[in-house]
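It should be emphasised that the depicted structure is a prediction, and the values quoted were computed from it without experimental measurement. The figures that follow rest on heavy atoms only: side chains count, while hydrogens, waters and symmetry mates do not.
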Amino acid sequence: MTSPSLTLIAGLALSGLTLAAPAFAADAAGASTAGGFPVQETRLTGGAGSVEQFDHNAYSLPLDNLAMTKRLDFSVGNSFFRNPWVVAPSSTAARDGLGPLFNTNSCQGCHIKDGRGHPPTGDETPIALFLRLSLPAEQGDDETLKKLGVVPVPGYGRQLQTAAIPGAEPEGNMVIEHEAREVTLEGGETVTLTEPRYRIEAPAYGALPEDLKTSPRLAPPMTGLGLLSAISDDDLRAAADPDDANNDGISGRINHVWDERRQETMVGRFGWKAGEPSVEQQSMHAFAGDMGLTSSLAPATDCTAAQRCDEFESGGKPEVSDKVADFITFYAESLAVPMRRNMDDPTVAQGARQFNRLGCAACHTPRQQTADDASRAALAGQTIWPYSDLLLHDMGEGLADNRAEFEATGQEWRTPPLWGIGLAQTVNPRARFLHDGRAKTLEEAILWHGGEAEPARERYRKLLKSERQSVLRFLESL
């Protein structure tokens, strides 16, 4: 009887893929490797904080190693994350001040059960998917670019708000059209990919400029954000290879972005283009842009002078109090990562090694280490498996939004972490993948990869069907 490992090797040879390392090599930390990258052999994807929860609440638990004295803070933050904000004035004084222009009225409205959102279908109003806006940079925009990363659009700002409170008018309607294309896999099987095309109808605050830049953004999952924040800047810098000095075709770059708290440029690591330096800033900018709520860190919303938002009742100055902001940030930094599943399944184990050998792990770095001096004990000194380098990579023209953000180009995206991705559609059955939710399945997401990831995509496309299934089973186990 042929062993599974010999079958794998034979399949790789048929696929024209060179084995970059022995099947059971080990790295300096003693972990098994394949293709030169470590293979996860522990269920504790999120280190000591990992949780054994695999149902629709899989993303909503606190870190397992979170001190009991801090769990009340987590619960309070959770309540502000889940409950809707309302129009001011209101008897619900702690949660009023919504809008006047906004995209949703709660954090949960986009991050469904702390997971990823989904694009609208039919005549639905978009909620978890929105459009970022900007203009091409010109001479004299240096200070704006340093602080904001983009040039705002006069009359509209940096994001299209498609909803408004009574008496205000939404900025416009986001309309999505789709174009289908087919990809043929080894053996003749075809996969239909759907490319969305975006336009804005009924702009309410003046004609939109002809050189308008737009970028669709789908709400990402919230899992493990605190652990990602605890990876040291030095580790990210060490992993970056902007000039591809090692000639492997992968040129991961750091996005340097403005930090409102420190008032200086720092390493970016959060958001689809790594445009935010911290969970706190990402959260407060979401309050300002998505819900029209001010905070000490983000005292201005995306409202422009032409929209006369100051004529509407305020929910306070700021509307998100420092205490509420701290609870929200603590909650977001304390969400746990689900443990790995089905690791003893030979197909899953085969897929893990296949994933590395295809070259996927060159960007989706399997293992990271959090700093021993992280700001919180529950996050410090943890070996974690996020499957991301948190760096920018050129993903090709097919996924390009052609809109720069700080140092990220119009073809670059941050490598999204893959931990927990196998539970995405358990948490939200309508969840989709990639930055705009164009991929209905994990296989579609793989087949959209281009640019630096094109060689890995082509290796995947040329695999035998059973080998492709092993990769998908591996991803489903994360």
Side-chain angles (χ1 to χ4, degrees), residues 73 76-112 114 117 125-133 147-149 152 156-171 205 217 219-220 222 225 258-261 270-271 275-333:
D73 291 348
V76 173
N78 182 24
S79 70
F80 282 105
F81 189 89
R82 290 177 181 273
N83 290 326
W85 291 68
V86 297
V87 178
S90 168
S91 59
T92 313
R95 287 187 287 104
D96 70 350
L98 177 69
L101 307 179
F102 62 98
N103 293 95
T104 185
N105 63 357
S106 72
C107 307
Q108 186 75 214
C110 287
H111 302 278
I112 310 298
D114 305 296
T125 299
I127 296 176
L129 178 72
F130 56 83
L131 281 180
R132 289 279 171 85
L133 310 174
K147 299 290 182 67
L148 302 181
Y156 291 89
R158 290 175 285 164
Q159 183 168 315
L160 182 72
Q161 276 86 33
T162 54
I165 66 173
E169 190 172 1
E171 291 181 329
Y205 297 94
R217 304 290 176 87
M222 303 286 292
L225 294 182
W258 185 252
D259 189 312
E260 296 285 356
R261 177 68 64 196
F270 297 109
E276 298 286 5
S278 67
V279 175
E280 177 193 30
Q281 184 165 306
Q282 183 184 41
S283 300
M284 296 308 107
H285 280 173
F287 270 121
D290 302 348
M291 291 186 275
L293 295 164
T294 60
S295 63
S296 294
L297 199 68
T301 69
D302 196 47
C303 207
T304 68
Q307 294 161 341
R308 302 166 65 178
C309 292
D310 56 354
E311 296 181 6
F312 291 84
E313 191 78 24
S314 167
K317 297 190 181 298
E319 291 162 323
V320 180
S321 71
D322 290 348
K323 183 177 290 188
V324 169
D326 288 344
F327 280 129
I328 285 282
T329 302
F330 183 83
Y331 174 75
E333 290 182 338

I'd like to know if the side chain of Gln281 reaches the main chain of Trp258, judged simply by a donor and an acceptor atom lying under 3.5 Å from each other, with no hydrogens or angles considered. yes
Checking Arg95 side chain against Phe80 main chain: does a donor-acceptor pair fall under 3.5 Å? no
Under 3.5 Å, is there a donor-acceptor pair between the side chain of Gln161 and the main chain of Glu171? no
Could you tell me whether a side-chain N or O of His111 sits under 3.5 Å from a main-chain N or O of Gly117, the two making a donor and an acceptor? no
Do you know which two heavy atoms are closest between Ala300 and Ala288, and how far apart they sit? O-CB, 3.8 Å
Show the nearest heavy-atom pair for residues Ser314 and Ala88, with the distance to one decimal. O-CB, 3.5 Å
Measure the spacing between CE of Met291 and OG1 of Thr104 and express it to the nearest 0.5 Å. 7.0 Å
Show your reasoning for whether side chain to side chain contact (heavy atoms under 4.5 Å, CB included) applies to Tyr205 and Thr304. CA-CA 10 Å; Tyr205 297 94; Thr304 68; 6.0 Å; no
Hey, is Asp302 close enough to Arg132 for a salt bridge, meaning N to O under 4.0 Å? no
What do the steps show when you test Val320 against Val324 for side chain to side chain contact (heavy atoms under 4.5 Å, CB included), and what is the final call? CA-CA 6 Å; Val320 180; Val324 169; 3.9 Å; yes
Before giving the answer on side chain to side chain contact (heavy atoms under 4.5 Å, CB included), spell out for Asn103 and Gln159 the whole-Å C-alpha distance, their side-chain angles and the decisive distance to 0.1 Å. CA-CA 9 Å; Asn103 293 95; Gln159 183 168 315; 2.8 Å; yes
Rounded to the nearest 0.5 angstrom, the OG-CD1 distance for Ser321 and Ile328 is 10.0 Å
Does a sphere of radius 6.0 Å around NZ in Lys147 hold more than 12 heavy atoms from other residues, nucleotides or ligands, not counting ones at 6.0 Å or beyond? yes
Of all the heavy-atom pairs spanning Thr329 and Met284, show the shortest one and how long it is. OG1-CE, 4.3 Å
Applying side chain to side chain contact (heavy atoms under 4.5 Å, CB included), run through Thr162 and Phe130 and close with a yes or a no. CA-CA 8 Å; Thr162 54; Phe130 56 83; over 6 Å; no
Straight-line distance of Ser283 OG to Met222 CE, nearest 0.5 Å: 5.5 Å
For residues Val86 and Asp96, determine if any side-chain heavy atom of one lies less than 4.5 Å from a side-chain heavy atom of the other. yes
If the condition is ring-ring contact (aromatic ring centres under 6.0 Å, His included), which residues does Tyr331 pass it with, not counting sequence neighbours? Phe74, Phe81
Closest non-hydrogen contact found for Thr301 with Leu293 is CG2-N, 3.8 Å
So does Glu319 get a backbone contact from the side chain of Thr294, meaning a donor-acceptor N/O pair under 3.5 Å? yes
Would you check if Pro100 and Phe312 make a side-chain contact, meaning some heavy-atom pair closer than 4.5 Å? yes
For the student: nearest non-hydrogen atoms of Ala128 and Cys110, plus distance: CB-O, 3.6 Å
How many angstroms lie between CG in Asp290 and SG in Cys107, if you round to the nearest 0.5 Å? 8.5 Å
Tightest non-hydrogen contact, residues Arg82 and Ser106, listed as O-CB, 3.9 Å
If I take atom CG from residue Leu148 and atom NE2 from residue His285, how far apart are they, to the nearest 0.5 angstrom? 8.0 Å
For Phe102 together with Trp85, are the ring centres under 6.0 Å from each other? no
Gap between atom CG of Leu101 and atom SG of Cys309 - 0.5 Å precision: 4.5 Å
